[in-house]
Number of protein chains: 2
Amino acid sequence: MFSIGEVSRRTGIKVPTVRYYEQMGLIAAPERSSGNQRRYDRNTLRRLEFIRHARELGFSLDDIRDLLRMSEGAGTPAHDDVHRIAGEHLRAVRARIERLKRLEAELTRISSCKAGTLSDCAVLETLSDHALCIGEH
Amino acid sequence: MFSIGEVSRRTGIKVPTVRYYEQMGLIAAPERSSGNQRRYDRNTLRRLEFIRHARELGFSLDDIRDLLRMSEGAGTPAHDDVHRIAGEHLRAVRARIERLKRLEAELTRISSCKAGTLSDCAVLETLSDHALCIGEH
DNA sequence: CTTGAAGCTCTAGTGGCTAGAGGAATTACA
DNA sequence: TGTAATTCCTCTAGCCACTAGAGCTTCAAG
């Protein structure tokens, strides 16, 4: 059995965040010691690693709840749902990359200015120039 | 003079968000009509376009406040600060792109699985597998 | 002059945590 | 066994950048 601090060290999830996940229903309320401190088993540890990884992949806690539920309903044909969630997320991620790349190009341009005075500098003008807006609006 | 709705239409910033920016001190409290409704001039319109654009570039409201202050202190040698903020931001954006690309690769892998049953599917296992974690931890 | 859209202020909620107060339990070591 | 340091507990409140809704007033078109 692991204390919450041990769990935190092993999963890389901060202590208050572990408690927060419990509150949000992502993990069950664990057993307690005689002095009312949380004691976790290996299953919960694995579950938290899953959560940590999925969070790094950018899934929302709601998505993760779904994914966990699916993985629990062993054998049920939720396969498609899992792929749907992952696929939707992949699309969102690709869109984000595209947007960030355009952003990078613009930032590179405006931050490479070498003029000596602010009035010569493109940064502020660029930020003001509506015609240079990235994205759709 | 423009009503808040007109401003919203012209800048693409939602009405409550314009009021929020006023509350946060990014724009000054505008004149009011006899019936206490906000009336904006072209200067504020331009300022809001600046804000909108900078937000799209991912600058925080705090950064934008700084940028606006610099652009107001006309002629002062704040040039370096502007570039520092933009440069810092550029570095952050590049890091984000790198992370997202690794993420995309992993998502592509896990969502391309074609197995018929959940137990054959790599998605959940992949999410659980700590060894496949992206990033540093 | 009426009606419906748009405006006003105010409060509270969102996601995903994070920080701090004030106290209790555990652990390491003498 | 004593004690001091560390970890843990609950609870409340704060973060960012909005967003939603209630309940009311004003504006503009016909």
Side-chain angles (χ1 to χ4, degrees), chain A residues 1-27 29-40 44-45 47-48 50-68 85 89 92 96 99 103 135 137, chain B residues 1-27 29-40 44-45 47-48 50-68 85 89 92 96 99 103 135 137:
Chain A
M1 299 300 257
F2 312 99
S3 72
I4 197 167
E6 187 68 21
V7 162
S8 174
R9 241 166 289 123
R10 281 168 186 256
T11 61
I13 301 171
K14 289 184 185 156
V15 169
T17 307
V18 174
R19 287 196 279 248
Y20 173 75
Y21 287 164
E22 179 185 329
Q23 208 185 315
M24 293 298 101
L26 290 172
I27 55 174
E31 290 177 44
R32 300 287 183 129
S33 72
S34 57
N36 199 34
Q37 300 195 352
R38 289 169 178 82
R39 292 293 175 257
Y40 296 93
T44 309
L45 212 59
R47 197 175 171 96
L48 281 167
F50 180 105
I51 294 170
R52 160 97 206 254
H53 193 188
R55 281 297 295 143
E56 279 185 339
L57 291 173
F59 290 94
S60 71
L61 294 191
D62 271 0
D63 279 347
I64 293 173
R65 220 189 315 269
D66 287 350
L67 289 168
L68 283 167
I85 291 177
H89 196 59
R96 246 153 85 199
R99 252 185 100 69
L103 196 160
H137 62 271
Chain B
M1 301 297 258
F2 313 98
S3 71
I4 198 167
E6 188 66 20
V7 163
S8 174
R9 241 166 291 122
R10 282 169 186 254
T11 62
I13 300 172
K14 289 185 184 156
V15 169
T17 306
V18 174
R19 288 195 280 247
Y20 173 75
Y21 287 164
E22 179 185 330
Q23 208 185 314
M24 294 297 102
L26 290 172
I27 56 174
E31 291 176 42
R32 299 286 183 129
S33 73
S34 56
N36 199 35
Q37 300 196 351
R38 289 170 178 79
R39 292 292 176 259
Y40 296 92
T44 309
L45 212 58
R47 196 177 172 94
L48 282 167
F50 179 104
I51 294 171
R52 160 98 208 251
H53 193 187
R55 281 296 296 142
E56 279 185 339
L57 290 173
F59 290 94
S60 72
L61 294 191
D62 270 359
D63 280 346
I64 294 172
R65 220 189 317 268
D66 287 349
L67 290 169
L68 284 167
I85 291 175
H89 196 60
R96 248 152 82 199
R99 253 185 100 67
L103 196 160
H137 63 271

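Chain letters run A, B, ... following the sequence lines, proteins first, then strands; residues in each count from 1. Worth knowing before you read on, the calculation uses all heavy atoms, side chains too, and leaves out hydrogens, waters and symmetry mates. All values derive from a computational prediction rather than experimental measurement.
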Are any of B/R19's side-chain N or O atoms less than 4.0 Å away from OP1 or OP2 of D/dA17? no
Less than 4.0 angstrom between a side-chain N/O of B/S34 and OP1 or OP2 of D/dC27, yes or no? yes
From CZ of B/R52 across to C1' of D/dC18 the rounded distance in Å is 14 Å
Below 4.5 Å, heavy atoms only, C-beta onward: do A/Y20 and A/L26 meet side chain to side chain? no
Side chains of B/R55 and B/I51: does their closest heavy-atom pair fall under 4.5 Å? yes
Would A/E6 and A/R9 count as a salt bridge (Lys or Arg N to Asp or Glu O under 4.0 Å) here? Give the steps. CA-CA 5 Å; A/E6 187 68 21; A/R9 241 166 289 123; 2.9 Å; yes
Taking CZ from A/R39 and P from D/dC8, how many angstroms apart are they, rounded to a whole number? 8 Å
Hey, which sits more toward the 5' end of DNA chain C by its nearest nucleotide, A/T17 or B/N36? B/N36
Atom-pair distance (CD1 on B/I13; P on D/dT19), nearest Å: 11 Å
In whole angstrom, give the distance that lies between atom CE of B/M24 and atom C1' of D/dC18. 10 Å
Rounded to the Å, how far apart are B/Q37 CD and D/dA28 C1'? 11 Å
Is B/R39 reaching over with its side chain to a backbone N or O of B/M1, donor-acceptor style, under 3.5 angstrom? no
Checking A/T44 now: which residues fulfil side-chain hydrogen bond (donor to acceptor under 3.5 Å, both in side chains) with it, not counting sequence neighbours? A/D41
Closest to the B/Y21 side chain, choosing from D/dT10, D/dC18, D/dT19: D/dC18
Atom-pair distance (CD1 on A/I4; C1' on D/dT7), nearest Å: 11 Å
Let's see if you can work this out: which of D/dA17, D/dT26, D/dT10 has an atom nearest to the side-chain heavy atoms of B/R55? D/dA17
Starting at OH of A/Y20 and ending at P of D/dT10, how long is that distance when rounded to a whole Å? 17 Å
Can you give me the first and the last nucleotide of DNA chain C (5' to 3') that has an atom within less than 4.0 angstrom of a non-hydrogen atom in chain A? C/dG16 to C/dT26
5' priority, DNA chain D, between B/S33 and B/S60 [closest heavy atom]: B/S60
Taking only N and O in the side chain of A/R32, is any of them less than 4.0 Å away from OP1 or OP2 of D/dT10? yes
Which whole-number value in Å describes the distance from A/K14 NZ to D/dC8 C1'? 18 Å
Side-chain contact test, heavy atoms from C-beta onward, threshold under 4.5 Å: evaluate it for B/R38 versus B/R32 and give yes or no. yes
Could you tell me if the side chain of A/R10 sits less than 4.5 Å from the side chain of A/Y40, heavy atoms only? no
